[in-house]
**Student:** 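Structure incoming, see below.
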Amino acid sequence: MINFIMSTLRMSSSPRHRIVAWCISCSILAMLGWLYTFTGHEYAFASATMVPLVAMAWVGGRNDGYLFSLLAAIMWAGADFMAELPSSATWLPVANSLIRLIIYVFVSYLIAHVKQLLVREKDLATHDELTKLLNRRAFFELGHAAVDRSKRYGHSMAVAFLDLDDFKQLNDTRGHKVGDHALKVAATALRKKLRSTDIIARIGGDEFAVLIPETSFEAAVEAGQKIANAVNTAMKKFSPVSVSVGVSWFETTKGDFSGMLEAADALMYEIKQEGKHGVRIQRAECRE
């Protein structure tokens, strides 16, 4: 559900959707103008312009909404001029057109602003505020969905669990501001080294997790090494911090996602017990 909502909000402003929105909105606007002329200018259709205007502002954003508002105001001004409607003063048609334009622009602003607030709210609900990675709740939801897909299509997958070694010592000696910066740097390193299809999250504190879908064991081994190398390199300026990484690879996904993450966590914990700073990768079996 989270993935669907976010894709709906963000993808609605893609070039393809904008083109479609412009074509449909302009067609509706032209049809309204034709109806206004066809009915002998007795019916007011200007307010119906709000329908394509709202769609345009939602899909295209504020600027597209403003441009469509101007286009609509010009069209209705032209339609009124061609209708030669009686007026008690020559400036009244101009004033009416300006009022329409102001209303259209105001509606465009409101719709674009509401969409922006919704996107921001969904980001706050699904992403970690500090690192901008997915948070624990969103990671588990996407993880369960990935497991369902793997079961359906028979794909293998891997889960990595990371913990920054001696992170508390960094906070105690250099302050929490430096610690927060270290977390951001670690998150950036993970984004740069992993595939766009991999799902990265900050689970809590100095713990991170990565879901690697549709991957072979060899690719999972490579990913684990990449993760460790990238984070350790990024942490050099935050001595004595390093990283411990546990990676569990599952040829089949018969169990649930929580159990898969626990398997990777257990591997990471083994590294911690043996002295920290390392990578451990194994083939794992899902618990029924």
**Student:** Can you sort out the partners of Asp198 under salt bridge (charged side-chain N to carboxylate O under 4.0 Å, His left out), two or more places apart, ordered by chain and number?
**Tutor:**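 Counting only residues at least two positions away or on another chain, Asp198 forms a salt bridge (charged side-chain N to carboxylate O under 4.0 Å, His left out) with Arg195.
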**Student:** Are any non-hydrogen side-chain atoms of Ile281 and Leu267 less than 4.5 angstrom apart?
**Tutor:**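 Sidechains of Leu267 and Ile281: no contact.
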**Student:** Glu270: what forms a side chain to side chain donor-acceptor pair (under 3.5 Å) with it, not counting sequence neighbours?
**Tutor:**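 Applying side chain to side chain donor-acceptor pair (under 3.5 Å) to Glu270 gives Arg280.
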**Student:** Under 4.5 Å between any side-chain heavy atoms of His127 and Leu134, yes or no?
**Tutor:**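 A side-chain contact exists here, since the closest heavy-atom pair is under 4.5 Å.
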**Student:** Quick check: do Leu194 and Val210 have side-chain heavy atoms less than 4.5 Å from each other?
**Tutor:**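 Yes, side chains in contact.
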**Student:** Looking at residues at least two apart in the chain, or sitting in another chain, which of them share a side-chain contact (heavy atoms from CB on, under 4.5 Å) with Ala158?
**Tutor:**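 Once residues adjacent in sequence are excluded, the partners of Ala158 under the side-chain contact (heavy atoms from CB on, under 4.5 Å) criterion are Ile212, Thr215, Ala220, Val247, Trp249.
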**Student:** Counting C-beta onward and ignoring hydrogens, is there a side-chain heavy-atom pair between Phe167 and Phe238 closer than 4.5 Å?
**Tutor:**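 Counting from C-beta outward, Phe167 and Phe238 never come under 4.5 Å.
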**Student:** For Ser69, enumerate each residue passing the side chain to side chain donor-acceptor pair (under 3.5 Å) test, keeping only those at least two apart in sequence or located in another chain.
**Tutor:**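 Ser69 satisfies side chain to side chain donor-acceptor pair (under 3.5 Å) with Ser108 once adjacent residues are dropped.
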**Student:** Do the non-hydrogen side-chain atoms of Thr49 and Leu32 ever get within less than 4.5 Å of each other?
**Tutor:**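 Yes, close enough: below the 4.5 Å cut-off.
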**Student:** Side-chain donor-acceptor contacts of residues 177-192 below 3.5 Å, not counting sequence neighbours, with atom names and distances?
**Tutor:**
unit_1: Thr188; atom_1: OG1; unit_2: Lys184; atom_2: O; d: 3.0
unit_1: Arg191; atom_1: NH2; unit_2: Thr131; atom_2: O; d: 2.5

**Student:** Run the salt bridge (charged side-chain N to carboxylate O under 4.0 Å, His left out) test against Glu207 and tell me which residues pass, sequence neighbours left out.
**Tutor:**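 Listed in chain order: nothing, the list is empty.
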**Student:** Check each of Val245, Asp128, Ile203, Leu164 against Phe208 using the side chain to side chain contact (heavy atoms under 4.5 Å, CB included) test, and report the only one that passes.
**Tutor:**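 Answer to the side chain to side chain contact (heavy atoms under 4.5 Å, CB included) test with Phe208 among Val245, Asp128, Ile203, Leu164: Leu164.
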**Student:** Can you sort out the partners of Lys276 under side chain to side chain donor-acceptor pair (under 3.5 Å), two or more places apart, ordered by chain and number?
**Tutor:**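 For Lys276 the side chain to side chain donor-acceptor pair (under 3.5 Å) partners, ignoring immediate neighbours, are Asp166.
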**Student:** Hydrophobic clusters join Ile, Leu, Val, Met, Phe, Trp and Tyr when side-chain heavy atoms are under 4.5 Å apart, directly or via other members; which others share one with Tyr153?
**Tutor:**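 Taking Ile, Leu, Val, Met, Phe, Trp and Tyr as members, Tyr153 stands alone, with no cluster partners.
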**Student:** Hydrophobic clusters here meaning ILVMFWY residues chained together by side-chain heavy-atom distances under 4.5 Å, can you tell me if Leu71 and Ile19 are in one?
**Tutor:**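 Different clusters.
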**Student:** Would a hydrophobic clustering, with Ile, Leu, Val, Met, Phe, Trp and Tyr connected at side-chain separations under 4.5 Å, put Val54 with Ile102?
**Tutor:**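 In one cluster: no.
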**Student:** Give a yes or no on whether the backbone of Phe140 and the side-chain of Arg137 come within a donor-acceptor separation of less than 3.5 Å.
**Tutor:**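 Checked: no pair found.
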**Student:** Any luck finding a side-chain donor-acceptor pair between Asn96 and Trp76 under 3.5 Å?
**Tutor:**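 No, no side-chain donor-acceptor contact under 3.5 Å.
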**Student:** Examine the side chains of Ser244 and Asp165 and answer whether a donor and an acceptor come within less than 3.5 Å of each other.
**Tutor:**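 On atom types as modelled, these side chains qualify, holding a pair under 3.5 Å.
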**Student:** In chain order, what residues pass the side-chain contact (heavy atoms from CB on, under 4.5 Å) check against Thr173, with sequence neighbours excluded?
**Tutor:**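 Scan of Thr173 (side-chain contact (heavy atoms from CB on, under 4.5 Å), adjacent residues dropped) gives Gln169.
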**Student:** Does Tyr104 share a hydrophobic cluster with Ile24, counting links as ILVMFWY side-chain heavy atoms below 4.5 Å and allowing steps through other members?
**Tutor:**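 Linked within one cluster.
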**Student:** For Gln273, is the CD atom crowded, meaning more than 12 foreign heavy atoms sit under 6.0 Å from it?
**Tutor:**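 More than 12 heavy atoms, drawn from other residues, nucleotides or ligands, come within 6.0 Å of this atom.
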**Student:** Side chains of Phe161 and Leu261: does their closest heavy-atom pair fall under 4.5 Å?
**Tutor:**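 Side chain of Phe161 against side chain of Leu261, heavy atoms only: contact under 4.5 Å found.
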**Student:** Please report, to 0.1 Å, the donor-acceptor pairs under 3.5 Å made by any side chain of residues 224-236, with sequence neighbours excluded.
**Tutor:**
unit_1: Asn229; atom_1: ND2; unit_2: Gln225; atom_2: O; d: 3.2
unit_1: Asn232; atom_1: OD1; unit_2: Val243; atom_2: N; d: 3.1
unit_1: Asn232; atom_1: ND2; unit_2: Ala228; atom_2: O; d: 3.0
unit_1: Thr233; atom_1: OG1; unit_2: Asn229; atom_2: O; d: 2.7

**Student:** Spell out, yes or no, whether Val51 and Leu35 are grouped together once hydrophobic residues are joined by side-chain heavy atoms under 4.5 Å, including indirect joins.
**Tutor:**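 Hydrophobic grouping puts Val51 apart from Leu35.
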**Student:** Can Val279 be reached from Tyr269 by stepping across I, L, V, M, F, W or Y side chains whose heavy atoms are under 4.5 Å apart?
**Tutor:**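 Shared cluster, no.
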**Student:** Check the pair Leu133, Phe139 against side-chain contact (heavy atoms from CB on, under 4.5 Å), reporting the backbone distance first and the verdict last.
**Tutor:** CA-CA 9 Å; Leu133 297 177; Phe139 182 69; over 6 Å; no
**Student:** Working note: Asp256 + Val147, criterion side-chain contact (heavy atoms from CB on, under 4.5 Å); need CA distance, chi angles, decisive distance, verdict.
**Tutor:** CA-CA 7 Å; Asp256 64 1; Val147 169; over 6 Å; no
**Student:** Would you say that Met56 contacts Leu67 through its side chain, given a criterion of any heavy-atom pair below 4.5 Å between the two side chains?
**Tutor:**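 With C-beta onward as the side chain, the pair stays apart.
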**Student:** If you group Ile, Leu, Val, Met, Phe, Trp and Tyr whenever their side-chain heavy atoms sit less than 4.5 Å apart, what else falls in with Leu101?
**Tutor:**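 Besides Leu101, the hydrophobic cluster comprises Tyr66, Leu70, Ile74, Val105, Phe106, Tyr109, Leu110, listed by chain and residue number.
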**Student:** Please enumerate all residues that pass side chain to side chain donor-acceptor pair (under 3.5 Å) together with Asp172, with sequence neighbours excluded.
**Tutor:**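 Once residues adjacent in sequence are excluded, the partners of Asp172 under the side chain to side chain donor-acceptor pair (under 3.5 Å) criterion are Lys168.
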